[in-house]
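Presented below is the structure to which this report refers.
Owing to the predicted nature of the structure, the values given are computational and were not obtained by experimental measurement.
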Amino acid sequence: MKRSAVAAAAALAMTLSLPAAAAQADGHPAAPAAAVPQVLPIGVAVSALPLAVEDRTGYRRTSFRHWNAGDVPADGCNTRAEVLLAEAVVYPEIGPGCTLTGGVWWSYYDEREVTPAGALDIDHMVPLAEAWDSGASAWTVARREAYANDQGQPASLVAVTARSNHSKADQDPAQWLPPAPDALCRYGAEWAATKLRWGLAVDEMERDRLLDIAAGCGGTDVEFTPAP
């Protein structure tokens, strides 16, 4: 790895830890600070991910409550429906109980146009089980719910064909990648962005596969904002 990439990764880690360090220095709790969006070359972003051995002990899907009332509870749509509305290529009609009729979506994993809404799954970019393995097992119930319903970063939740989502299941990039060749750079960047946003680790095989992807994706940036 080039020294510039190592230096950038170290600088990022220091930036993310500054609020906590400041709080410890003056002996007072840190006031909530506005999250600062980060944009990094994909290789630097992958290098900034902490490395750890994964552990699935105690995982249950029900540990992550979803789908909740979404970002706008008054709209009567849950998180799933709000993501569908946000990602629609052709906007659907919204009926009683947030029933979606018509509409068109693009599943970038397999480059397919999809309609109706019921033919889509909302994929957690980093699956719930993978998040648990990578650090979420230590989170509060509320934080796991926030993760499972995260609309604060477009990469976190993505509407895709049910077939591609079922094929992916809870696998990381060392085990599964989108079948569409043109999806690879975007997928690697969005995976890294989600893990950086939530402070999740990678295992060795996962990191190596992400670095392989990054090597073929020059010019691809990773955009993320640390989660509250």
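For the residue pair Y108 and D182, no side-chain donor N or O sits within less than 3.5 Å of a side-chain acceptor on the partner. Of the N and O atoms on the side chains of H66 and N78, not one donor lies less than 3.5 Å from an acceptor on the other residue. Side-chain polar atoms of E130 and S134 form a donor-acceptor pair below 3.5 angstrom.
Shown here is Q171, whose CD atom has more than 12 heavy atoms of other residues, nucleotides or ligands within 6.0 Å. Atom CD of E113 has 12 or fewer neighbouring heavy atoms from other residues, nucleotides or ligands inside a 6.0 Å radius.
Side-chain rings of W198 and W139 approach one another, their centers coming within less than 6.0 Å.
With hydrogens and angles ignored, the 3.5 Å screen pairs no side-chain donor or acceptor of R144 with any backbone N or O of R65. The main-chain N or O of N149 is never found under 3.5 Å from a side-chain atom of W67 such that the two would form a donor-acceptor pair.
In this structure, CG in L85 is found 10.5 Å from CZ in R80, a value given to the nearest 0.5 Å.
For D203, the side-chain contact (heavy atoms from CB on, under 4.5 Å) partners at least two apart in sequence or on another chain are E54, D172, M205, E206. Every side-chain contact (heavy atoms from CB on, under 4.5 Å) that P179 has, sequence neighbours left out, goes to D110, W176.
Nearest heavy-atom pair, G43 versus L211, reported as atom, atom and distance to 0.1 Å: O-CD2, 4.4 Å.
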What pairs of donor and acceptor atoms, side-chain ones from residues 217-228 against any protein atom, are under 3.5 angstrom apart with sequence neighbours left out?
from	atom 1	to	atom 2	distance (Å)
T220	OG1	C217	O	3.1

field: Candidate pair N165 and H124, rule side-chain contact (heavy atoms from CB on, under 4.5 Å), full reasoning
entry: CA-CA 9 Å; N165 189 41; H124 291 91; over 6 Å; no
